[in-house]
Amino acid sequence: MLDSVLPTGVQHLQNVHPLVVHFPLAFLTGAALLYLLAGLAGRESWAWTALWLLGLGTMSAAVAVATGLYAEPGVMIARSVRAELLEPHKRLMLATFALSTVLSLWAVADRPIPTKGRLIFLLLLLLFLAGMTWGADYGGRLVYDNNAGGNACHQPIEFTQ
């Protein structure tokens with residue numbers, strides 16, 4: 001069905017996971033950066049926007065995690081690649097999702113930004129960003145170094161100018 005709406009790219013994907021992963025990456029990165037800026041500048045309006053981004057990011061991360069777990073058994077990669085890249089990617093992104101869920105619940109309970117433990121909240125956001133970046137790097141290596149996204153990206157990639 002998606003290949004009739006997006007005929008040039010989707011037909012080459014092994015699964016829909018690559019289509020949804022960019023939403024949580026963008027929303028959650030924006031939320032973390034805006035929370036940090038709101039905390040430093042003391043701008044409550046920025047914290048409200050960050051809360052919305054955190055909520056959208058956590059919801060979209062749930063979709064990314066679900067599609068990733070669903071797709072995992074069918075990803076055609078060598079066992080060594082599965083052990084060296086896919087498993088760390090999976091662990092880091094599950095931890096990222098868990099931490100974004102905890103941070104979302106905390107922020108909703110004490111909206112828009114926690115007053116008690118604010119420094120811990122902001123430090124956890126930094127930890128969260130580091131873990132998400134590290135996990136996304138494994139995901140990128142799976143796709144671009146090992147063609148785990150299907151034949152959408154033919155290997156080797158020929159560069160032209």
Donor-acceptor contacts under 3.5 Å from residues 46-64 side chains, at least two apart:
residue	atom	partner	partner atom	Å
W48	NE1	E44	OE2	3.2
T49	OG1	S45	O	3.2
T58	OG1	L54	O	2.9
T58	OG1	S100	O	3.4
T58	OG1	S100	OG	3.4
T58	OG1	S104	OG	2.8
S60	OG	L56	O	3.0
S60	OG	G57	O	3.1

- Query: Going through the distances and angles, do L142 and L86 end up as a side-chain contact (heavy atoms from CB on, under 4.5 Å)?
  - Reply: CA-CA 7 Å; L142 280 163; L86 183 63; 3.8 Å; yes
- Query: Closest heavy-atom contact between P88 and E84?
  - Reply: CG-O, 3.3 Å
- Task: Taking all heavy atoms of L99 and all of L124, pick out the closest pair and write down the distance.
- Result: CD2-O, 3.8 Å
- Taking everything shown except W134 itself, do over 12 heavy atoms lie less than 6.0 Å from its CH2? no
- Query: Given a cutoff of under 4.5 Å between side-chain heavy atoms of I, L, V, M, F, W and Y, with clusters grown through shared members, what are the other residues clustered with Y70?
  - Reply: none
Per-pair distances, 0.1 Å, donor-acceptor, side chain in residues 23-40, under 3.5 Å, sequence neighbours excluded:
residue	atom	partner	partner atom	Å
T29	OG1	L25	O	2.6
Y35	OH	P112	O	2.6

- In the hydrophobic cluster built from side-chain contacts under 4.5 Å, what are the other members alongside V65? L69, L94, F97
Please tabulate, one pair per line, all N/O donor-acceptor pairs under 3.5 Å involving side-chain atoms of residues 115-123, not counting sequence neighbours.
residue	atom	partner	partner atom	Å
T115	OG1	D110	OD2	3.0
R118	NE	P114	O	2.9

- Task: Determine yes or no for a side-chain-to-main-chain donor-acceptor pair under 3.5 angstrom, with H89 supplying the side chain and Y138 the backbone.
- Result: no
- With sequence neighbours left out, the residues meeting salt bridge (charged side-chain N to carboxylate O under 4.0 Å, His left out) with E72 are K90
- Message: Taking V108 as the starting point, is it possible to reach I113 by hopping between hydrophobic residues whose side chains are less than 4.5 Å apart?
- Response: yes
- Give a yes or no on whether L126 and L92 share a hydrophobic cluster (residues Ile, Leu, Val, Met, Phe, Trp, Tyr; joining criterion: side-chain heavy atoms under 4.5 Å apart). no
- Can W106 be reached from M132 by stepping across I, L, V, M, F, W or Y side chains whose heavy atoms are under 4.5 Å apart? yes
- Query: L105 and L103: same hydrophobic cluster, using ILVMFWY side-chain contacts below 4.5 Å?
  - Reply: no
